[in-house]
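Note sheet for the following structure.
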Amino acid sequence: MSNDKQITSTNFIRNIVIRDIESGKHSSIVTRFPPEPNGHLHIGHAKSICLNFGIADEFGGTTHLRFDDTNPLKENEDFMNAIMEDVRWLGFEWDRLCHASDYFQQLYEYAIHLIKSGKAYVEELNAEEIRAYRGTLTEVGRESPFRDRPVTENLDRFERMKAGEFEDGQYVLRAKIDMSAANINLRDPVIYRIRNASHHRTGDQWHIYPMYDWAHGISDAIEGITHSLCTLEFEDHRPLYDWLLDNIPAPSHPRQIEFARGNLDYTVMSKRKLRQLVEEGHVSGWDDPRMPTLAGIRRRGYPPESIRAFWDAMGISKSESIISMGVLENQVRDDLNVRAPRTMAVLDPLKLVLTNFPEGETQWLDAAVHPQNEAMGIRKVPVTREIWVERSDFMEDPPRKFFRLKPGGEVRLRNAFIVKCNEIVKNEQGEVVELHCEFDPDSRSGLPGASRKVKGTIHWVSAVHGVPVEVRLCDRLFTVPNPLADKSRDFLEFLNAHSLDVIEGAIVEAAVAEGAPGDLYQFERTGYFVHDIVDSTPGKPVLNRIVTLRDSWARIEKEMAAG
RNA sequence: UGGGGGAUCGUCUAAUGGUAGGACAGCGGACUCUGACUCCGCCAGUGGGGGUUCAAGUCCCUCUCCCCCAGCCA
């Protein structure tokens, strides 16, 4: 496995930055990741985080984590802390921690400047009237009767808004731009509103709070951001972004560049929808392992390195896309394959009796922790007369190409020896409850006879030494690639009823049961698993399946079933 | 039918007038004490129609489809 960093494939934003450095427009660059602390970050945000931190990092620049905390009604400290934890988990550390609320005073002073230059006015129309005056997509708007109020009057009203003399919604401050603009964002946008609410950082100091467009661009300018990267829906805000900065004595004028958000299939990525899933109890929380949130992904066991590699591989463009979950999963497998110690675990146990193995005896066998990495060492695996094997590894009447256990057939027990299936024991219902097999002592791993080849190898765990654990098999949250595609239907209708399968009686090697939260494993032939960081306790281990191994047998089976 | 964007293999993404390339998936093979991993090979794309040019994914015209915008949200 090569450690060489793959050359970052280029993208249009990176090309712009390169040009700006080469032309001398910027000697160093500054980017920022600007979340609103009103929800949890998801894997789509990770794209933006990787972009902003990645590009600054590549060119020796800096990146700010800035909370866009301009709406006291929706934001809080808990979300802020969770976001910082998520960014750090992803592997990034900001050069500066900032808050839009740090700039409330400057933002206010710039608003005064705008008013004094006759480019902003206090609006008395209510929200409904403002909407009516704004016009529609195809009709121009009308100018407010308060648009040409004298500067002194505007100043006075704005001052009183700030002082808390008015009710929420009574007045707003609007930029005076152009009510007939084709771009609706330019039809005298609201830049301040009254909120007699306590802000989680500034307390009761303010009664007016800036709107996004006012706060964001100026915050960028104050911080000396060189490239303000955002998603496509802000594209028609750019003229406003530029207008606002052009009409105040801004300390700098960053360039806003838009890129497409990152979407995945079989999930939803909007904060509102994710919140709904949490609040209505369709999942156990923001950190449910099935959620696309970073908290969920972390709990699921996806390594942060794999998320970064994933977005690095996906690239940046302006075309909207929905990426196959399979691509992400593959990235996760690639990462886990290298780092995860191997172990054997039986998810759906079927008893197998080694009829020629001494009763009451335990033999300890050597097994590689990682077949491609000797440095990870060996572990001792106990074998006893009775062992558990995977029920799906036995078929009484198997199809061709089934290389596992079958009546009279031979198979290798991984890390042990070859066994031959002599007898099947059934219960009264006709279900197979036990297999009686004879093992070949000469075929034991490490012995010369081990070179004898049989078609199949299966995993197993000693019935004496194995430990029962709870295993949670996570699957996609939705049954369709895009749950939001059909606008006539509620996305909840497409929830996958089988997205979480809890198995109580899985059997693992003792060392796995003793693992710590967050420990990763490959259950050989089955998949990658992680000790649940929330519910796993020493007395009751819980393992989440991170992702299955690729399974070409499943494909063959499917093809055979299809004829 | 206002404005702003977008359309390249199945998926994502390169190619700033000069061989349409890469990754993942898929298919075929090799290897294998994980039907994993790894390795080798293959398949596969410029939305449609015109035009300019020696040469067009790229420039021009036109058509089609998709996304975003009428919050005192971000």
Side-chain angles (χ1 to χ4, degrees), chain A residues 1 6 9-11 15 34-36 38 68 70-71 73-75 123 126-127 130-132 134-141 168-174 181-187 190-195 209 211-213 215-216 230-239 258 260 262 265 271 310 313-324 326-331 333-334 337-338 342 344 367-368 370-372 401-404 412-418 443 445 450-459 522-527 548-557:
Chain A
M1 195 88 351
Q6 204 176 348
S9 62
T10 200
N11 61 65
N15 292 341
E36 182 188 13
N38 71 339
D68 233 332
T70 57
N71 189 345
L73 267 25
K74 295 185 173 179
E75 300 148 4
E123 175 64 276
N126 64 33
I130 289 175
R131 193 185 323 126
R134 185 150 37 219
T136 67
L137 294 179
T138 53
E139 299 162 47
V140 299
D168 281 17
Q170 200 172 337
Y171 300 119
V172 292
L173 184 70
R174 292 230 254 174
N183 181 344
I184 290 179
N185 294 300
L186 264 16
R187 318 239 265 232
V190 172
I191 57 177
Y192 266 97
R193 78 289 218 187
I194 297 171
R195 286 269 186 279
Y209 290 93
M211 296 287 290
Y212 164 83
D213 290 294
H216 196 88
C230 64
T231 44
L232 254 25
E233 70 271 25
F234 293 104
E235 215 149 13
D236 35 344
H237 286 244
R238 181 157 27 94
E258 311 84 14
D265 61 6
K271 266 192 214 171
F310 170 70
M314 290 304 93
I316 302 292
S317 76
K318 292 191 71 160
S319 59
E320 289 143 19
S321 57
I322 300 181
I323 302 162
S324 308
V327 179
L328 208 211
E329 289 172 344
N330 201 70
Q331 201 68 246
R333 286 189 188 102
D334 272 2
N337 177 46
V338 178
R342 310 287 122 126
M344 295 190 286
H370 193 300
Q372 278 83 43
K401 293 190 194 169
F402 183 83
F403 303 145
R404 288 115 93 149
R412 172 170 287 279
L413 296 182
R414 174 83 170 148
N415 299 310
F417 29 62
I418 293 168
S443 67
S445 302
S451 59
R452 184 157 80 85
K453 303 292 180 201
V454 287
K455 266 299 200 182
T457 299
I458 65 172
H459 58 275
Q522 183 194 98
F523 290 179
E524 286 190 300
R525 302 209 313 129
T526 302
T548 60
L549 255 32
R550 285 183 67 208
D551 186 357
S552 54
W553 167 248
R555 280 205 303 275
I556 295 168
E557 241 182 344

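First the proteins, then the strands, lettered A, B, ... as listed; each starts at 1.
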- Message: What contact category does A:Arg404 fall into here, base, sugar-phosphate, or nothing, at under 4.0 angstrom with non-hydrogen atoms?
- Response: base
- Message: Distance check needed: B:U34 P versus A:Lys455 NZ, whole Å only.
- Response: 12 Å
- Item | Sidechain-backbone polar pair: A:Arg195 side chain, A:Thr70 backbone, donor-acceptor under 3.5 Å | no
- Query: Would you say a side-chain N or O of A:Arg550 is under 4.0 Å from OP1 or OP2 of B:U34?
  - Reply: no
- Message: Using whole Å, what does the distance between atom C1' of nucleotide B:A25 and atom CG of A:Leu328 come to?
- Response: 14 Å
- Message: Does a side-chain N or O of A:Ser317 approach OP1 or OP2 of B:G6 to a distance below 4.0 Å, or not?
- Response: no
- Classify the side chain of A:Glu329 and the base of B:A25 as holding, or not holding, a donor-acceptor pair under 3.5 Å. no
- Sort out the partner of B:C73 for me: Watson-Crick or G-U wobble, both distances under 3.5 Å, none otherwise. none
- Name the nucleic acid region contacted by A:Ala416, choosing base, sugar-phosphate or nothing; use a 4.0 angstrom heavy-atom cut-off, strictly under. base
- Query: Taking atom C1' of B:A36 as reference, at what distance in whole Å does atom CZ of A:Arg414 sit?
  - Reply: 9 Å
- To the nearest angstrom, how far is A:Leu186 atom CG from B:G4 atom P? 12 Å
- Query: Between A:Ile322 and A:Ala450, who's closer to the 5' end of RNA chain B by nearest nucleotide?
  - Reply: A:Ile322
- When we call it a touch if two heavy atoms are under 4.0 Å apart, what does A:Phe523 touch: a base, just sugar-phosphate, or nothing? nothing
- Between A:Lys318 (NZ) and B:U8 (P), how many Å, whole number? 16 Å
- Note on the structure: In B/S/- notation (B base, S sugar-phosphate only, - none; protein heavy atoms under 4.0 Å), nucleotides 69-74 of chain B written 5' to 3' is BBSBSB
- Short side-chain N/O contact to B:C12 OP1/OP2 from A:Ser319, under 4.0 Å: no
- Item | Pairing partner of B:C65 (Watson-Crick or G-U wobble, both distances under 3.5 Å) | B:G6
- Report yes if the side chains of A:Val172 and A:Met211 come closer than 4.5 Å at any heavy-atom pair, otherwise no. no
- Task: With the side chain counted from C-beta on, respond yes when A:Ile458 and A:Leu413 share a heavy-atom pair under 4.5 Å apart, and no when they do not.
- Result: yes
- Task: Just name whichever nucleotide pairs with B:A23, Watson-Crick or G-U, keeping both distances under 3.5 Å, else none.
- Result: B:U11
- Task: Assign B:G6 to syn or anti; the rule is syn for a glycosidic angle within 90° of 0 and anti otherwise.
- Result: anti
- Task: For B:G49 versus B:A14, give the span between their C1' atoms, rounded off to a whole number of Å.
- Result: 27 Å
- Would you classify A:Arg342 as touching base, sugar-phosphate or nothing, given that sugar-phosphate means primed atoms plus P, OP1 and OP2, and contacts are heavy atoms under 4.0 Å? base
- Message: Need one value for A:Gln522: base, sugar-phosphate or nothing, where a base atom within 4.0 Å counts as base even if backbone is also close, heavy atoms only.
- Response: base
- Mate of B:C54 across any strand shown (Watson-Crick or G-U wobble, both atom pairs under 3.5 Å) is B:G18
- Query: Has the side chain of A:Glu139 got a donor or acceptor atom that lies under 3.5 Å from a matching backbone atom of A:Gly135?
  - Reply: no
- Note on the structure: Contacts of A:Glu235 and A:Ser443 projected onto RNA chain B by closest heavy atom; the upstream (5') one is A:Glu235
- Task: Name the nucleic acid region contacted by A:Ile316, choosing base, sugar-phosphate or nothing; use a 4.0 angstrom heavy-atom cut-off, strictly under.
- Result: sugar-phosphate
- Is A:Arg238 salt-bridged to A:Glu258, going by a charged N under 4.0 Å from an acidic O? yes
